[in-house]
2 protein chains.
Amino acid sequence: MSPYDPSAFPPFAVTVDLVVLTVRRHALCALVVRRGEQPFQGRWALPGGFVREDEDLGAAARRELAEETGLCAHDAGTPPAETSGAHLEQLATYGAPGRDPRMRVVSVAHLALAPDLPAPRPGGDANSARWAPVEELLEPEGAPPHSDEQQTPLAFDHGRILADGVERARSKIEYSSLATAFCPPEFTVGELRRVYEGVWGVALDPRNFHRKVTGTPGFLVPSGGTTTRQGGRPAQLFRAGGATLLNPPMLRPEV
Amino acid sequence: MSPYDPSAFPPFAVTVDLVVLTVRRHALCALVVRRGEQPFQGRWALPGGFVREDEDLGAAARRELAEETGLCAHDAGTPPAETSGAHLEQLATYGAPGRDPRMRVVSVAHLALAPDLPAPRPGGDANSARWAPVEELLEPEGAPPHSDEQQTPLAFDHGRILADGVERARSKIEYSSLATAFCPPEFTVGELRRVYEGVWGVALDPRNFHRKVTGTPGFLVPSGGTTTRQGGRPAQLFRAGGATLLNPPMLRPEV
DNA sequence: GCAAAAGTGTTGTCCGTACACCCATGC
DNA sequence: GCATGGGTGTACGGACAACACTTTTGC
């Protein structure tokens, strides 16, 4: 048989789903949209949509991200754009046969890291969107398996996808400069520290953190200005430097 | 419009492609099969095939791996099986519109790490298979963009997929115990060191390596036996321990 | 003055590196 | 004996944690 005989393989629908993370009020939050139709009508879900004909997977993810947030994301490989660009990278692909009860759908999940935006801009076919702390969205670890049905607030297998995205973000800021993607173009060392603290859910020593990030070549470049928007003594403003890998990495405290 | 109207999305073919790596004669090698048909007839390609109806992505990858190598792989999440199991994990998904000239194909690439097998067992629809050193398969970095057409020996975008898989393997053995997946069930510290040296392409200090791996709790458990199969003084035999994360990590020497 | 946040200095400790040195086998 | 690989001891240095301490603002 020819392996490309059109009758020899089943057709799939291919979608992209987005795990869009930000840090708000010292907590890691994810963008979720309310489903307006069956199945899981009224439940929260990750934003996403179908990949179009003649559209690459990354392009579909960027399009969905722009529709939902207005953010202009740049690819992980390209040099950081000067726009208010979020970080976007492919996360993983989910294609279990029963994950959508209606048809066979393979979803290529992407992970986006965004600065704290003023407000979610609902767009596309979602009738509402919000930033929700990830603790509210993820299933509790120690929940008994026979708990009541609404064990996860997210539709489909989006709880699992979100958990994978959060885990990726938590580990990746450890050895890369990705944490700056959570910050506005100019930020202080304290603001960057609060990003790490929010993503990891821990407290870091401000003095050692300051020495660490300012001492890593290429991580931060001073922009010249200062700010007192966090109160206290004026703090230097920085931009993200060109370095993408942190060596030695930022050490996450033991659990 | 309903986003699930069957006429509202284009149908895709979904395949799994495998990056199967092993260490042979101190070199990192990948399993490739020769294509028997157009396009890229006669060129080498990564093994792979269509995902079946009602088949999960990981199940399709395990099936393809078994067909090509006879290996019984276990999932990344499950505890290590006692069989001669290889490591298998999802790598990334490739779906550029033109990557297959005949149709729109989305390929979910997987990464498998296998011990040095006696010989490749060609199976399925490939008429020949071999282990090839990855340096021969990857495009040279400094090649001029206007070099002659056969710049990469691999079909489709498999050169890129292989490069991503090699990069994943190289970085992952740094902070996990995955290097043991390249070893037979019982192995010596020296054999494990040769795995690291082959994957990274560097030389490691045998004394410090020994102290490091035997001093990391849960990484190696002595099996009681010894061997002289590498010559010299008899070496203790070990099995892989239960630990999956290496903390502190194995440090890769600077490039 | 007082609180709050930004920075700097110092010290002990852990860990990686480099290298000297000894051990046990095959030939 | 000698080559080969296995395994231990030890000294040096870099980096991190845990502080004490000073600086500069708003109120």
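Within every chain, numbering begins at 1; the chains are lettered A, B, ... in the order of the sequence lines, protein sequences first and strands thereafter. Predicted, not measured: the structure shown is a model, and the values here were computed from it.
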Whole-Å distance, A:Leu220 CG to C:dG7 P, equals 11 Å
Nearest-neighbour nucleotide for the B:Arg194 side chain, C:dA5, D:dG5, C:dG16 considered
D:dG5
Under 6.0 Å from the six-membered ring centre of A:Trp44 and within 45° of its axis: does the NZ or CZ of A:Arg130 meet both?
yes
Nucleotide nearest B:Pro234 (side chain, heavy atoms from C-beta), chosen from C:dA24, D:dG5, D:dA15
C:dA24
Carboxylate-amine/guanidinium proximity below 4.0 Å for A:Asp164 and A:Arg168:
no
Over all strands shown, is A:Arg229 touching base, sugar-phosphate only, or nothing at heavy-atom distances under 4.0 angstrom?
nothing
Does A:Arg233 make a side-chain donor-acceptor contact with the base of C:dA6, cut-off 3.5 Å?
yes
Checking all strands, does A:Pro206 fall into the base, sugar-phosphate, or nothing category for heavy-atom contacts under 4.0 angstrom?
nothing
Between C:dC19, D:dG7, D:dA17, spot the one nearest the side chain of B:Ala235, thanks.
D:dG7
Atom pair distance, as rounded to whole Å: CG in B:Asn247 and C1' in C:dC14
13 Å
What integer distance in Å separates A:Phe209:CZ from C:dA5:P?
16 Å
A:Arg25, CZ atom: more than 12 neighbouring heavy atoms under 6.0 Å
no
Is it the case that the side chains of B:Asp17 and B:Ser107 hold a donor-acceptor pair, with the cut-off being a distance below 3.5 Å and no angle test?
yes
Using only modelled atom types and a 3.5 angstrom limit, is any donor from either the side chain of A:Arg211 or the base of C:dG9 paired with an acceptor on the other?
yes
Between A:Asn208 and A:Gly232, just flag the one whose closest nucleotide in DNA chain C comes earlier from the 5' side.
A:Gly232
Could you tell me how far apart A:Gln236 (CD) and D:dT24 (C1') are, to the nearest whole angstrom?
14 Å
Ring centre gap for B:Phe187 and B:Phe238 strictly below 6.0 Å
no
Could you check which of D:dG7, D:dC21, D:dC16 has an atom nearest any side-chain atom of A:Arg207?
D:dC21
Distance below 4.0 Å between B:His210 side-chain N/O and D:dG7 OP1 or OP2
yes
Interatomic distance where CE belongs to B:Met250 and C1' belongs to C:dT17 [whole Å]
14 Å
What is the distance, to the nearest angstrom, from the CG atom on A:Leu246 to the P atom on D:dC16?
10 Å
Spacing between A:Leu237 atom CG and C:dA6 atom C1', to the nearest angstrom
12 Å
Phosphate-side-chain proximity, A:Lys212 and D:dA15, N/O vs OP1/OP2 below 4.0 Å
no
Atom-pair distance (CG on B:Asp205; C1' on D:dG5), nearest Å
13 Å
I want to verify a distance call: between D:dG6, C:dT17, D:dC19, whose nearest atom is closest to the B:Leu251 side chain?
C:dT17
